[in-house]
Each structure stands twice: as C-alpha cells, then as structure tokens.
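Comments concern the structure below.
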Amino acid sequence: MKKLIFLSVLFFSLSFQVSLAQEKVIKEMLTRINYGVASSPALELLPGKVSEVTHLTSAHDLYANFGTFISGKRLKSDLAVDARPFAFASGSLGDYQNNYFKRLLWRTSFSLGSSPGSDHAQDVFLAAGLRFTLIDKADPRTNRAYIDELRNAYLKALGKVQPRFGETAADFQKRLDAAAADSTVVAVRESFTDRFWNASRLDLGFGASALAANGFLKKDSLFKDRVGLWSAYSTKLWKQGQLVVSAQTAMVSHKSDTTERSRNVIGARARYFNKRGFAISGEYAHIFSNYRQKSFNENWGHLALVAEFKIPKLGGWAGFAYGGDMPHRSENGAKFAFRYAVYTDQLIKK
C-alpha cells in the first residue's frame with residue numbers, strides 16, 4: 001500500500017513538472033514572433049532583453065534618469081527606460097481631441113536600454129528607439145461618450161465619501177483617491193476595454209543599437225550594431241476577435257560574408273475570445289535571413305496555433321498548442337510539435 005501511495009505521489013509530481021515545462025513551451029510559442037511594434041522598440045534590438053523597464057512621464061525625468069546608465073566613465077548594463085518626451089505638448093483635453101498633431105506627439109514614446117555584450121564581459125550593448133501611434137481608435141481620451149460616463153461614475157463614487165468626525169485631512173484625501181477604485185468606476189473602465197480592446201490601430205517603430213567596447217562611451221569605442229524598423233496594423237475581427245498584420249526589418253552590421261546582414265519578417269496573428277472561457281490564437285510569420293554572400297540566404301516559416309479552455313473545477317486553464325519553426329540551416333533542430341498543459345493563469349490575453 002505504501003509503495004502504491006509513493007508511486008502515485010511520484011506520478012503526480014512528475015506530471016506537474018511536465019505540465020510546467022509544457023506551459024513554458026506554449027508561452028514561448030505565443031511570444032516567439034513580436035506581432036505589432038514593441039512598446040519599447042529599443043529593447044527588441046538587445047541580445048538579452050531587459051525585463052525591468054522604468055516608465056517615465058516627461059523628458060525631464062528621462063534626462064534625470066539617464067545618469068543611472070553611467071557609472072564613472074562606463075555604461076551599466078541590464079537597464080531600460082521609456083518615456084513620453086512630448087507629453088507636455090498635448091495641451092488641454094479639448095486641444096488633444098481636436099488636434100491630430102498633438103495626439104501624435106502625446107502618443108510618441110522613446111525607449112533606451114542596455115545589456116551585456118555577448119563576446120566580452122565588459123562590453124555593453126546600448127539601444128534607443130521611438131514608437132509612433134498614427135491611428136488609435138481605442139484611445140480613451142478621444143472618446144467623449146466614455147469620458148462623460150467615467151466622470152458621472154466618479155462623481156457618484158465621490159458622493160459616497162463624506163468626512164468622518166476626527167478624521168485628518170490626509171486620511172480624508174486617501175479615501176477620496178480611493179474613489180477611483182469604486183466598483184462603478186471600475187465597471188465603466190472594464191466595459192470600455194471590453195468594447196474597444198480590438199479597435200483599429202496603426203503603429204510605426206524605429207530603433208538603433210551600438211556596442212560600447214568595455215562599456216566606454218567614446219567615439220573610438222562605439223561600434224554600430226543594427227537598426228530596426230517595425231510597422232503593424234490591427235483591426236477588429238468580429239466582436240471578440242482581433243487581426244494583426246505586421247512587418248519588421250533589421251539591418252545588421254556584418255563583419256564577414258558569412259555573417260547575417262539583414263532579417264525581414266512579415267506575418268499575421270488572429271485572436272478570438274469567448275466569454276464562456278475559450279480563447280484561440282493563430283499566427284504565421286515568414287522570416288527572411290540575408291547574407292552578403294547570397295548562397296547563405298535562407299527563409300523559413302513560423303506557425304503557432306494555441307487554444308485554451310477554462311476549467312472551473314480546477315480553477316485554471318487547459319492549453320493545446322501546435323506549431324514551431326520550419327527546419328533551416330541556422331537551426332537544424334527546429335520542427336513542428338504538439339503540446340498540452342494545465343496551468344493557473346490564461347496565456348492568451350487581450
């Protein structure tokens with residue numbers, strides 16, 4: 001009996017570990033190709049993407065924060081910031097709604113990041129990028145009906161907050177601030193997200209990176225690495241779906257005829273969500289890897305089909321995925337595979 005219990009525990013333990021490994025693979029399949037312009041385009045050009053990004057709100061904050069990238073005369077690595085450098089130019093809400101150029105300025109974001117060099121421990125990659133949102137039908141600041149609805153819900157929430165006897169002004173202010181988390185206000189925000197998350201959007205992104213030898217920011221120590229350009233358009237696909245088409249290109253500073261010179265990617269992704277606990281994502285991309293010596297050129301496809309089902313009794317999700325990369329010279333082990341796993345949090349998200 002003890003042996004049976006031990007074997008049962010061992011089986012479930014191994015099954016759980018396998019499920020975790022499968023979940024990781026499914027997650028990687030969903031993020032293998034970046035559909036749309038990266039929120040921080042600079043980070044897409046770094047060999048080791050920085051996970052922690054400091055979000056800033058002004059050009060002044062960006063200038064002040066840049067000092068954290070430098071230690072003495074050398075660049076630090078594993079740092080990243082992004083900011084809206086032209087947010088101050090948006091003017092009043094009325095100006096923003098009536099002037100396209102002001103909206104474009106406010107939506108523009110700048111990103112800066114660094115990561116360790118791949119060949120030498122002291123080398124540092126430094127990258128910068130700009131993201132432009134040319135069209136955004138889901139921008140809440142331009143939706144007058146939503147603004148009125150949110151204002152009314154917030155005023156209603158404020159009406160419930162009355163000063164208490166002996167309460168300090170600071171404590172009263174805290175309760176006033178908490179009105180933003182009132183259930184009525186939250187419901188209005190969630191309703192807007194549900195209705196407009198898949199509205200049309202057009203983005204452009206540009207980035208460039210350089211290698212700082214030994215981390216020094218000197219002319220004779222900086223070497224150009226690559227430049228990248230992104231474009232993506234998303235639109236509604238039925239009521240609960242979204243279609244994204246994208247194109248990316250990166251020009252690489254190549255050292256020899258056998259070093260990759262450029263890489264281009266075109267692709268599309270469709271996602272659909274069912275309120276009863278079902279989501280599906282299908283994507284295909286084609287990658288073109290170009291070399292100075294044309295005989296080294298190669299191209300291959302990437303496919304990822306993922307379906308998720310909510311399992312209320314388990315309090316989690318079951319995921320089924322099929323896809324991968326077609327085999328190619330630079331990755332002979334690439335192949336298509338079927339995966340499945342049970343996990344806590346949904347992987348396909350809006």
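For the numbers below, each heavy atom of this structure counts, side chains included, while hydrogens, waters and symmetry mates do not. Count residues from 1 along the sequence.
- Using a 4.5 Å cut-off on side-chain heavy atoms (C-beta onward), Q346 and E308 make contact.
- The shortest side-chain heavy-atom distance between Q248 and Y35 does not fall under the 4.5 Å cut-off.
- For the atom pair CZ of F309 and CG of N274, the computed distance is 10.0 Å after rounding to the nearest 0.5 Å.
- Closest approach of M29 to E283, counting heavy atoms only: O-OE2, 3.4 Å.
- One finds the CD1 atom of I311 at 11.0 Å from the NZ atom of K313 (value rounded to the nearest 0.5 Å).
- Applying the salt bridge (Lys or Arg N to Asp or Glu O under 4.0 Å) test to D225 and every residue at least two apart in sequence or in another chain returns nothing.
- Of all heavy-atom pairs between S234 and V244, the closest is CB-CG2, 3.8 Å.
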Fill in: Audit row: S253, R226, side chain to side chain contact (heavy atoms under 4.5 Å, CB included) steps and yes/no
CA-CA 6 Å; S253 178; R226 66 192 64 203; over 6 Å; no
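- Listed here is the closest heavy atom pair of F336 and L303: CZ-CB, 4.1 Å.
- Residue pairs meeting the salt bridge (charged side-chain N to carboxylate O under 4.0 Å, His left out) criterion with at least one member in residues 336-350, sequence neighbours excluded: D194-K350.
- Hydrophobic clustering places L104 together with I135 (ILVMFWY residues linked when any side-chain heavy atoms are closer than 4.5 Å, directly or through intermediates).
- A chain of hydrophobic side-chain contacts below 4.5 Å, direct or via other Ile, Leu, Val, Met, Phe, Trp or Tyr residues, connects V124 to L79.
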- Task: Applying ring pair (Phe, Tyr, Trp, His ring centres under 6.0 Å), run through F338 and Y322 and close with a yes or a no.
- Result: CA-CA 4 Å; F338 174 75; Y322 174 77; 7.4 Å; no
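- Residues L222 and L45 do not share a hydrophobic cluster, clusters being chains of Ile/Leu/Val/Met/Phe/Trp/Tyr side chains in contact below 4.5 Å.
- F196 is listed as a side-chain neighbour of N143, based on a closest heavy-atom distance under 4.5 Å.
- Not counting sequence neighbours, R276 has no partner by the salt bridge (Lys or Arg N to Asp or Glu O under 4.0 Å) test.
- Closest approach of L126 to S114, counting heavy atoms only: CD1-CB, 4.3 Å.
- In this structure, D203 CG and S231 OG are separated by 8.5 Å, a value rounded to the nearest 0.5 Å.
- At least one side-chain heavy atom of E44 sits under 4.5 Å from a side-chain heavy atom of W230.
- Using a 4.5 Å heavy-atom cutoff, the side chains of I287 and N299 are not in contact.
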Let me see the working for T259 and V252 under side chain to side chain contact (heavy atoms under 4.5 Å, CB included), right down to the final yes or no. CA-CA 9 Å; T259 304; V252 185; 5.6 Å; no
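- Counting only heavy atoms from C-beta outward, the side chains of F288 and H286 approach each other to under 4.5 Å.
- In this structure, Q242 and K236 have side chains that are not in contact, with every pair of non-hydrogen atoms separated by 4.5 Å or more.
- For residues 205-229, no pair satisfies ring pair (Phe, Tyr, Trp, His ring centres under 6.0 Å), with sequence neighbours left out.
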- [ ] Take Q97 and T142 through the test side-chain hydrogen bond (donor to acceptor under 3.5 Å, both in side chains) and record every step on the way to the result.
- [x] CA-CA 5 Å; Q97 293 174 341; T142 60; over 6 Å; no
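- For the pair A42 and G129, the tightest heavy-atom approach, listed with the atom from each and the gap, is CB-N, 3.5 Å.
- In this structure, H328 contributes its side chain and M326 its backbone to a donor-acceptor pair below 3.5 Å.
- In this structure the side chain of L105 reaches within 4.5 angstrom of the side chain of F101, judged on heavy atoms.
- For S40 (side chain) and L43 (main-chain N/O), no donor-acceptor pair under 3.5 Å exists by modelled atom type.
- Y96 carries R141 over the face of its six-membered ring, with the cationic atom under 6.0 Å from the centre and within 45° of the normal.
- To the nearest 0.5 Å, atoms CG (N290) and OG (S262) are separated by 3.5 Å.
- A donor-acceptor pair under 3.5 Å is formed between the side chain of N152 and the backbone N or O of D148.
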*Checking side-chain hydrogen bond (donor to acceptor under 3.5 Å, both in side chains) for the pair R201/T133: CA distance, chi angles, key distance, verdict?*
CA-CA 7 Å; R201 178 171 176 146; T133 300; 3.3 Å; yes
Might you work through the salt bridge (charged side-chain N to carboxylate O under 4.0 Å, His left out) test for K76 and D78, ending with a clear yes or no?
-> CA-CA 7 Å; K76 295 180 184 178; D78 289 320; over 6 Å; no
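- Remark: F273 pairs with W197 by the ring pair (Phe, Tyr, Trp, His ring centres under 6.0 Å) rule, at least two apart or across chains.
- Looking only at atom types and distance, the side chain of S289 has no donor-acceptor partner in the side chain of E298 under 3.5 Å away.
- In this structure, R269 has no salt bridge (Lys or Arg N to Asp or Glu O under 4.0 Å) partners at least two apart in sequence or on a different chain.
- Hydrophobic clustering (side-chain heavy atoms under 4.5 Å, transitive across Ile, Leu, Val, Met, Phe, Trp, Tyr) keeps L130 apart from V227.
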Between S109 and D82, is a side chain to side chain contact (heavy atoms under 4.5 Å, CB included) present by the stated rule, with each step listed? CA-CA 7 Å; S109 62; D82 65 34; 5.5 Å; no
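- Salt bridge status for D139 with K137: absent, with no side-chain N to carboxylate O gap under 4.0 Å.
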Inset, instruction - Could you go through the side chain to side chain contact (heavy atoms under 4.5 Å, CB included) check for T249 and R263 one step at a time? - result: CA-CA 6 Å; T249 184; R263 177 170 293 198; over 6 Å; no
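- Interatomic distance, F320 CZ to L305 CG, rounded to the nearest 0.5 Å: 14.0 Å.
- A chain of hydrophobic side-chain contacts below 4.5 Å, direct or via other Ile, Leu, Val, Met, Phe, Trp or Tyr residues, connects L134 to F110.
- Here the closest heavy-atom approach between residue V265 and residue A285 is recorded as CG1-CB, 4.2 Å.
- A cation-pi arrangement, defined by a distance under 6.0 Å to the six-membered ring centre and an angle within 45 degrees of its axis, is absent between R84 and F132.
- The number of heavy atoms from other shown groups lying within 6.0 Å of NZ (K102) is above 12.
- The OH atom of Y284 sits 10.5 Å away from atom CD1 of I33, with the distance rounded to the nearest 0.5 Å.
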